[in-house]
2 protein chains.
Amino acid sequence: MNELLDLAFAALADPTRRAILRRLAKGEANVGDIAENFPISQPAISRHLKVLEEAGLIETARVGQSRPRRLRPEGAEQAQRFLAEMASYWPDRFDRLEQFLDSEKDSK
Amino acid sequence: MNELLDLAFAALADPTRRAILRRLAKGEANVGDIAENFPISQPAISRHLKVLEEAGLIETARVGQSRPRRLRPEGAEQAQRFLAEMASYWPDRFDRLEQFLDSEKDSK
DNA sequence: TATTTATATAACAATTACGTTATGTAAAGA
DNA sequence: TCTTTACATAACGTAATTGTTATATAAATA
């Protein structure tokens, strides 16, 4: 139903993928550029890139035989909105605890 | 290396868990309250709650035999910061670039 | 055309994730 | 004390994730 949001959060849960995003914040990079700087194989990088792209967080161009990736920051907007809403909620702990205890008392 | 951020994003990737968070934004709820409104078993809910708590997104109180959960919005702050900075990145906006590149490092 | 280069895909193993049902535990109430 | 209530935990099946190595594909180059 909200699959893109699922995919975006799942993509962001992997530290290697977050590192790739930070790398792409420096500018476009192709697979080889990225793979050189990570301790995992090129196929593993290719798969991480696919995950990031399917989540809408990056996009791919085609220049000759290389496929430069770049950040697609708008892909994070929905996830950002979810977190902003959550963070805007602040439980007044004391009050809520009182409220809970009161409701327990009432139902006795 | 930033395991809490991994856990937070992974927790947020599941739609059932996001629904639980939205439920908790309306106020504290215990396991039974939540399980009633979801099409999965109580043990499954208990596990989702454990995942959310280990990610720092909710916390648990003890009142008699029930364990009311409540939102812990500050648990989402680091994730929110990562996304906000990524979303503020634009290929020609180098003023934001440095901030984004250092985001995980800084919030350690 | 044949070779090299850049990247993707396939096949596989190990681990983790998410659901189920069955059962354990601790507090509440008769 | 005995039962019920609220929740956690265990055991298990299945599917997804993440890495590996081997191989396929398509563009660049000799």
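Below, chain A is the first sequence line, B the second, and so on; all start at residue 1. Note that the structure is predicted; figures quoted are calculated from it, not measured.
Applying the salt bridge (Lys or Arg N to Asp or Glu O under 4.0 Å) rule to pairs touching residues 49-58 of chain A yields nothing, sequence neighbours excluded. Counting only residues at least two apart or in different chains, salt bridge (Lys or Arg N to Asp or Glu O under 4.0 Å) contacts with residues 33-48 of chain A are absent.
In this structure, the NZ atom of B:Lys50 is 16 Å from the C1' atom of C:dG19, given to the nearest Å. Put simply, CD1 on B:Ile45 is 15 Å from C1' on C:dA17, counting in whole angstrom units. In this structure, the CG atom of B:Leu52 is 12 Å from the P atom of D:dA8, given to the nearest Å. Rounded to whole Å, atom C1' of D:dA6 lies 12 Å from atom CD of B:Glu36.
Under the rule for a side-chain contact (heavy atoms from CB on, under 4.5 Å), the partners of B:Ser41 that lie at least two apart in sequence or sit in another chain are B:Pro43, B:Ala44. Every residue two or more places apart in sequence or in another chain was checked for a side-chain hydrogen bond (donor to acceptor under 3.5 Å, both in side chains) with A:Gln80, and none qualifies. Looking at residues two or more places apart in sequence or on another chain, you find no side-chain hydrogen bond (donor to acceptor under 3.5 Å, both in side chains) involving A:Glu85.
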Mind listing the N/O atom pairs, protein and nucleotides 17-27 of chain D, below 3.5 Å?
residue	atom	partner	partner atom	Å
D:dT18	OP1	A:Asp14	OD2	3.3
D:dT18	OP1	A:Arg17	NH2	3.1
D:dT18	OP2	A:Arg17	NH1	2.9
D:dT18	OP2	A:Arg17	NH2	3.4
D:dG19	OP2	A:His48	NE2	2.2
D:dG19	N7	A:Arg47	NH2	3.2
D:dG19	O6	A:Arg47	NH2	2.6
D:dT20	OP2	A:Ser41	N	3.0
D:dT20	OP2	A:Ser41	OG	2.6
D:dA27	N3	A:Gln65	NE2	3.4

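A pairwise comparison of heavy atoms in B:Ala55 and B:Ala11 identifies CB-CB, 3.9 Å as the closest pair.
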